[in-house]
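Structure first, then comments.
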Amino acid sequence: MLSRQLFRRRPVRLAGVGALAVAMAIVPGVASAGSGKPAPTPAAVVNPDFEDDATGVAAPTGWSEVGQAGASYTEAGGAGGSFRLTHWSASAYQVETLQRVTGLGRGPYTLRASVRTSGDQTAAYLFLRDCGGPQRTITLPRTGPEWWVQIVLSTPVRGGACTIGVHSDGVAGSWLNVDAVSLTPGDAGRVDISGADVSSLKKNEDHGAVYLDAKGRKGDALKILADNGVNYARLKLWVNPADGYSNRTQVLAMAKRAKARGMKLLVDFHYSDSWADPGKQNKPAAWASLPFDELKQAVYDYTYDVLAALRRQHTPADMAQIGNEINGGLLWPDGRWDNWDGMAALLTAGSTAVTAASPHTKVALHLAEGGNNGGHVWWFDNAVSRGVPFDVIAVSHYTYWHGPLGYLQANLLDLVKRYDKDIMVVETAYGFTQEQDDALENIFNPSLQATSGYPATPEGQARALRDMFNVVAAVPGGRGLGVFYWEPAWTAVAGSGWDPADPTSGNAWENQAVFDYSGKALPALKVFGEY
């Protein structure tokens, strides 16, 4: 993340993902072999692609409408076919387009649809209603007009029928599109990981940071996070940092705290004494002059030592990253992008050390620019062809740097299919204000807010995070593991700045924390518990 502290990134040019935005067909689930239970009946949604009518048709075949006439109609330009459903009006409007689906078996069903929205509606969501339990809803993510995004919503069905639909409470000129609707047996839309990178928490606490829950009660930040649904802690690891934080000793201590709160643990090996990211991958000073074979052994020994120590203290890592945002490699120049054999050897040394020291710990490889399909395919093709062992693909995706959610989801869908690996967003964040709480200019500024489009408010921050979860949860087969929020507890306190070598350095991230400038939990914190 260091380049985020020192430099302003321009939006990247994202290639190779256009065709992937088209909705993917989902095969209805079947009962597992030997289960003895019949599979729930596949749902017969009428006119699921809105292809049975011409453009401009209100209440298309199989669907009905409630609310403002004329604000719901078919229109040319579907996700995969010729037409789509649109909600729009030149004046404020409220409308629902819905369909009662019958002949269903008892059990869970999942609604899946491809959607696009302007993102400025008062409320816009898909719903499952009168299915035998409470209504379920999922907010439509902000996408803009260019990209379709798939979302999913599940509910148990009792009584053989369920109403599916889309609801709009729109301001004048706001719009949404829906297409490729399906209702299939099975439960989806949940993730395993609601994570937080809390690498700077200990340093913040030691310099006087105070944390309050949503009711204003002072408490341990890790407990507040856990109480709101955070179930995974991510900790960066530096070899010999100048300030003594995020080193082996500190990570072992923080691992005890996280595990005591019931959290799982991801250790993020930077293999550096300070920040490693796409703009820099500097060797630790102690390794700077090592010949390549000795450097490779140092990676192995260091990785093994840390993970074995975590096991010995009964706080084993559940996952380990071999490098941080390694689009351009690691431990430059030996493992730089233009020396793939060297990079692969270093990655393999780290990965094999993980398995040797902690056999149940999964290995993740982490790239930035979560929507950059062309770049990611090039990178993973090189890694796979050289036999680098790994279990999980991890990406960073900040919508204000890396593009709309459609870019991200198209890349996730392709990478999962192409490499048969689970995938997760291991870094994201969004600002809740444009005000500053220290003297250092904030990274998230009005220009980046305008690029992303979500308002820089507590509600806008919560919506940005919810949309990110919804997009990852829609990866088929449960292979979208979840989302980590980067440094939600890094509030601005003197002495806890970005530069480990400079105690006077400030924090350019405090307006993206999920605690406000008084230390009180913001609405975004509740989002973790929704998944």
Side-chain angles (χ1 to χ4, degrees), residues 1-3 5-6 199 234-252 255 266-312 317 319-359 361 363-368 379-380 382-391 394 498-502:
M1 286 291 299
L2 180 55
S3 66
Q5 304 294 342
L6 298 180
S199 299
R234 181 179 186 243
L235 299 171
K236 71 173 179 281
L237 183 63
W238 291 337
V239 176
N240 188 25
D243 61 2
Y245 290 93
S246 292
N247 63 7
R248 180 184 184 277
T249 300
Q250 290 285 347
V251 165
L252 288 170
L266 166 59
V267 177
D268 174 13
F269 287 90
H270 280 226
Y271 300 113
S272 180
D273 292 334
S274 186
W275 303 95
D277 54 51
K280 69 190 67 61
Q281 295 284 336
N282 299 321
K283 294 177 184 176
W287 304 358
S289 300
L290 294 179
F292 183 75
D293 285 346
E294 293 182 26
L295 177 65
K296 186 169 62 173
Q297 189 65 47
V299 169
Y300 183 96
D301 292 345
Y302 181 71
T303 307
Y304 186 100
D305 174 66
V306 171
L307 295 176
L310 285 166
R311 284 189 72 196
R312 285 194 301 271
M319 197 179 300
Q321 281 181 225
I322 306 305
N324 186 76
E325 295 191 328
I326 52 175
N327 305 56
L330 73 167
L331 294 161
W332 289 349
D334 301 67
R336 199 169 55 196
W337 65 270
D338 53 358
N339 180 14
W340 250 106
D341 289 341
M343 190 202 307
L346 294 169
L347 292 172
T348 298
S351 179
T352 54
V354 172
T355 303
S358 189
T361 300
V363 175
L365 299 180
H366 172 209
L367 303 184
W379 197 96
F380 279 104
N382 274 287
V384 169
S385 70
R386 289 169 173 81
V388 177
F390 68 101
D391 304 300
W498 68 268
D499 187 351
D502 181 5

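Residue numbers count from 1 along this sequence.
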Could you walk me through whether Phe292 and Leu346 satisfy the side-chain contact (heavy atoms from CB on, under 4.5 Å) test, starting with their C-alpha distance in whole Å, then the side-chain angles of each, then the deciding distance to 0.1 Å, before giving a yes or no? CA-CA 9 Å; Phe292 183 75; Leu346 294 169; 3.9 Å; yes
Test side-chain contact (heavy atoms from CB on, under 4.5 Å) applied to Leu307 and Phe269, step by step: CA-CA 11 Å; Leu307 295 176; Phe269 287 90; 4.1 Å; yes
For Val239 and Asn247: C-alpha separation, side-chain torsions, deciding distance, then whether side-chain contact (heavy atoms from CB on, under 4.5 Å) applies. CA-CA 6 Å; Val239 176; Asn247 63 7; over 6 Å; no
Using the rule given for side-chain contact (heavy atoms from CB on, under 4.5 Å), can you reason through Glu325 versus Leu367, listing the C-alpha separation, both sets of side-chain angles and the distance that settles it, and then say yes or no? CA-CA 4 Å; Glu325 295 191 328; Leu367 303 184; over 6 Å; no
Stepwise, does the salt bridge (charged side-chain N to carboxylate O under 4.0 Å, His left out) test hold for Arg248 with Asp305? CA-CA 9 Å; Arg248 180 184 184 277; Asp305 174 66; 2.7 Å; yes
Full working for salt bridge (charged side-chain N to carboxylate O under 4.0 Å, His left out) between Lys283 and Asp273: CA-CA 7 Å; Lys283 294 177 184 176; Asp273 292 334; over 6 Å; no
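Distance check, rounded to the nearest 0.5 Å: CG of Asp243 to CD of Gln250 gives 8.5 Å. One distance of note links CG of Asp338 with CH2 of Trp332; it measures 9.5 Å at 0.5 Å rounding. With values rounded to the nearest 0.5 angstrom, Asp301 atom CG is found 8.5 Å from Thr303 atom OG1. Atoms CG and CG, on Asp334 and Leu295 in that order, are 5.0 Å from each other to the nearest 0.5 Å. Taken from OG in Ser246 to NZ in Lys236, the straight-line distance is 3.5 Å, to the nearest 0.5 Å. Taking OH from Tyr304 and OG from Ser358, the interatomic distance works out to 10.0 Å, rounded to the nearest 0.5 Å.
Open room surrounds CH2 on Trp337; 12 or fewer heavy atoms of other groups in view lie less than 6.0 Å from it.
For His270 (side chain) and Ala276 (main-chain N/O), a donor-acceptor pair under 3.5 Å exists by modelled atom type. A donor-acceptor contact shorter than 3.5 Å is absent between the side chain of Thr355 and the backbone of Thr352. Counting only distance, with no hydrogens or angles, the side chain of Gln297 and the backbone of Asp293 share no donor-acceptor pair below 3.5 Å.
Taking the six-membered ring for Trp and thresholds of 30 and 60 degrees, Trp287 and Tyr271 have ring planes inclined between 30 and 60 degrees apart.
When all heavy atoms of Leu290 and Ala298 are compared, the pair lying nearest together is CD1-CB, 4.0 Å. Residues Tyr302 and Trp238 come closest through the heavy atom pair OH-O, 3.3 Å. Closest approach of Pro389 and Val363 over heavy atoms only: O-CG1, 3.9 Å. Here the shortest heavy-atom pairing between Leu347 and Ile322 reads CD2-O, 3.7 Å. The heavy-atom pair separating Ala255 from Leu235 by the smallest distance is N-CD1, 4.0 Å. Nearest approach of Gly387 to Thr348, heavy atoms of both residues: O-OG1, 4.4 Å.
A donor-acceptor pair shorter than 3.5 Å cannot be found between the side chains of Tyr245 and Ser199.
Using a 4.5 Å heavy-atom cutoff, the side chains of Leu365 and Phe380 are in contact. Annotation: side chain of Val267 is in contact with side chain of Leu310 (closest heavy-atom distance under 4.5 Å). Contact annotation: the side chain of Ser272 never approaches that of Leu331 to less than 4.5 Å [non-hydrogen atoms, C-beta and beyond]. Two residues are said to be in side-chain contact when any heavy atoms from C-beta on lie closer than 4.5 Å; Gln321 and Arg234 meet this criterion. Contact check for Val384 versus Phe390: side-chain heavy atoms found under the 4.5 Å cut-off. Counting heavy atoms from C-beta outward, Ile326 and Trp379 have side chains that approach closer than 4.5 Å.
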